[in-house]
2 protein chains.
Amino acid sequence: MTHMTEKTFLEHLKEMSLISQTLGLLEWDVQTGMPEAAAEHRSEVVSYMSGKHFDLANGKKMTSFIDYFSENLAELSPFAQEVFADVKESYELNNNVPQDRIIAYSKALSKAHQSWVQARDAKDFAIFLPALEELIAFNKEFIPYRQKNQRTDYDVLLDLYEPDMTVAKLDDIFETLKEGIISLRKEIAEKGTPPETDFIHRYVSKEAQKEFVLEVIEQLGYDLSRGRLDDTIHPFMLGINRQDARITTRWNEHDFLMAILGVIHEAGHGMYEQNIDEKYDHTPLSRGTSMGIHESQSLFNEIIVGSSRAFWQRQYPRLQAITGDTFADIDFETFYRGIKQSKSSLIRIEADALTYPLHIIIRYEIEKMIFNEEINLADLPQIWNDKYEEYLGIRPENDLEGILQDVHWAGGSFGYFPSYALGFMYAAQLYHAMNQQFDVEAVLASEDYSRIIEWNKKHIHQFGASKKPNELILNATGEALNPTYLIDYMRKIFFDVYQVQ
Amino acid sequence: MTHMTEKTFLEHLKEMSLISQTLGLLEWDVQTGMPEAAAEHRSEVVSYMSGKHFDLANGKKMTSFIDYFSENLAELSPFAQEVFADVKESYELNNNVPQDRIIAYSKALSKAHQSWVQARDAKDFAIFLPALEELIAFNKEFIPYRQKNQRTDYDVLLDLYEPDMTVAKLDDIFETLKEGIISLRKEIAEKGTPPETDFIHRYVSKEAQKEFVLEVIEQLGYDLSRGRLDDTIHPFMLGINRQDARITTRWNEHDFLMAILGVIHEAGHGMYEQNIDEKYDHTPLSRGTSMGIHESQSLFNEIIVGSSRAFWQRQYPRLQAITGDTFADIDFETFYRGIKQSKSSLIRIEADALTYPLHIIIRYEIEKMIFNEEINLADLPQIWNDKYEEYLGIRPENDLEGILQDVHWAGGSFGYFPSYALGFMYAAQLYHAMNQQFDVEAVLASEDYSRIIEWNKKHIHQFGASKKPNELILNATGEALNPTYLIDYMRKIFFDVYQVQ
């Protein structure tokens, strides 16, 4: 029998952390260049390590820790109490669902992914429908086990990705955001002058893009001695630990913005992980606190900083120097307006900053219908297409460019999508608060971005998962999440770009 | 209590294998690009995983398996008996040495490595001497625990790297080889015409070298879908498993031969691991059987094939095509003779094929003195330098280019060096045997190297560690290791290159 002490508890968590770090590297290697034929051997290694981690997180020893310290919390130091609260929350979330149902769900998930791929090939949602129905049924079945007094079923799912987020809050927030964006787009369409954008597709070699962006992300605070940049098909950031937060990108030599902004985005995620207080090392608090807050940091880097006028005023001459004559005939004003073009798109991941939240709101509204209302799932493509027509003025011609575009539902992720829009709203609100303390544009126009970096570190990064999203935002900005900051920000940016008087 | 069955035994080994594979990837990542600041976190992960592996290999459960199946061997299938024999051998080797002495030795090893680095900086063996004395004392202390009826102490060490190799055999073999090489070198010096070699240092871009060599190693049988090529300071092959045998190299744009031959060498190691019979998956038999046999495969690829006249006759036009005008003025004959130049060097890893075994023989003779005779370790630099002067005709000016050049002793590896020369002799003997069955030069002059690949696979690779080196060589060539094949081979090659009539 293990002694129930703070020391043994933290040692147990450290063991979990060491296995997690291993799983992180195994996954990074799969994504970045494991020999293709090694997949089967690798999956045996991963499932062994995952099993060991699962046992430590949910087995008898963990149950003893949870039971003992729930009764004897005072035996833990304040630091360990903070850690224990997080561990207990995860434990309860996972342990209430019967084990056999979790295993059945895993099987349904792999089947669903295959069926999603087949449906995409045929551009036909009907092929994916039975698998989707099954996944939704599982998620509905699990909701009672995960209930923490939430008011609706969908609230339970939201809470998995953004703690304490609710339908009641999001309905108001997204309604305000949707109206704000739609009216802004209307004004631009009526009174704006579209920018010139042809130059965006000029050839820029991968080497030039890489040289440019590596210096940029270091200036912005991403520490390459505690990370690295790799090539993958789907860009991501993977935080193995605070000292090893790796990022990846995909390069397109006829679309330099994709990789450059993509790398700045992932570097934002990376900086968050790199700057978590070292006291949380080897505990589950050494991670970003939620998907939404993580996305706030990547979007802050990519949009608020990396797509801003002041930033590019400094960086454009560097880009020009690195790319020879490529942009010699494009003055700064033309360049800046061009890269900020906004245009309706059917595909979420190709959307610009102004239209992106509408893609998310459509998904939110549909997920809410699925879990809180009685709808016929066969009607989803129709509902999806109608919403695209209503909000974005374009209609998918088939399911591939419509409801089959995202992998999330096929992966059982319901309640995840709102995080993307939450991140953007958080970012704009943080930017507003930062501007109360110093002139952010002036910093971006200078050579030294450290005031921005330090502000984010102080208000967000250092805490890891020790504070919930709403607590972080309240402390950092003095108020709860408020969508008007994003609308105001968009109005300022896009009126400028589209020269709306 | 675990049930003692073949199934539980093999499951236990599989668990060890899964952890080993993980340790392999962790190490590969350290060597190929782990962020530098991640070293401390990584070492915690590695030491945790190593500890788990050690427990499985040496703990109570393994002890039960060893005890039970030693008594009840007939309960295992012939396949499992083969595996058990190997497991039991490793277990006894490790388990006899007292645990506390192993730990003390580990500490001495890290101290020794530091002191070796310091000694190198100062080019002064005296700085390294106390640490070396300590390591040698540990190794002498461990010899009785590892004794399997060997006649001398140094035999015990040889057996660790090349099972069943003995001083009695090696004394004869190395004496023959030494005399053969020295007399060959004498003839060349007296009657030969040195080749032109300036062109060797012409600029060849890394990209061109890589394009050239990647196609070469695939032709030679290295499967890139079950491996990959990375850049490191010290080239190596790391077999994570049969489906994932990775190789690395160092590029020098003013010495194309270094990387090209280096990659071919590592690919030879890689092919060995890739071609082990899949029935040995997840058992300790899924590895090369010894350092010497492993080296035979890398040197076969690098020297017998990759440095041969017939091979380059086919490949030189490709190299010329890839490198533009670089070698336009160098005809094939000049090229081939140039790349085969032989010249005394003080540094082992810079030595050519003809002189390389002399470097090994010097180390063998010194190690034998250390363990089988009473010598004063302080005299080692003097002994080393005298031998270089005697065998190679050159004398180190300081300890850095003398006795401090290799990391092996600082890492506690005594008895390892002979493997390099054994590998070369095995390779020449295998080449001779292969030539009895088909004309190897004719295959090398063709587009299809599969007969060579299949021969090595059939006679060496497939068996993994299920056969001992002497058994493999006897079965493949019809006789025990015989150094005359290498001497004959060298004579043929270097008389041709140096145009000795």
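- Most heavy-atom pairs under 4.5 Å with chain A: of the set Arg226(B), His41(B), Arg228(B), this distinction falls to His41(B).
- Legend: residues meeting ring-ring contact (aromatic ring centres under 6.0 Å, His included) with His294(B), ordered by chain and number and at least two apart, are His269(B), Tyr272(B).
- Looking at Met49(A), only its side chain comes within 4.5 Å of chain B, counting heavy atoms on both sides.
- Residues of residues 243-250 of chain A having a heavy atom under 4.5 Å from any heavy atom of chain B, listed by number: Gln243(A), Asp244(A), Arg246(A).
- For the pair Leu25(A)/Arg42(B), a side-chain contact is recorded, criterion being any heavy-atom separation below 4.5 Å from C-beta on.
- From Leu26(B), atom CG reaches atom CG of Leu26(A) across 7.0 Å, with rounding to the nearest 0.5 Å.
- Only the side chain of Asp281(A) comes within less than 4.5 Å of a heavy atom of chain B; its backbone N, CA, C and O stay farther away.
- No other option in Ile19(B), Leu224(B), Asp223(B), Asp230(B) has as many heavy-atom pairs under 4.5 Å with chain A as Ile19(B).
- Residues passing the ring-ring contact (aromatic ring centres under 6.0 Å, His included) test with Tyr222(A), sequence neighbours excluded: none.
- With a 4.5 angstrom heavy-atom cutoff, Gln21(A) touches chain B only via side-chain atoms.
- Taking CD1 of Ile240(A) as the start and CG of Asp29(B) as the end, the distance is 6.5 Å to the nearest 0.5 Å.
- For residues 7-21 of chain A, the set of pairs meeting the salt bridge (charged side-chain N to carboxylate O under 4.0 Å, His left out) definition, not counting sequence neighbours, comprises Lys7(A)-Glu11(A), Lys14(A)-Glu44(B), Glu15(A)-Lys52(B).
- Contacts with chain B were tallied for Ser225(A), Gly33(A), Ser17(A); Ser225(A) has the most, counting heavy-atom pairs under 4.5 Å.
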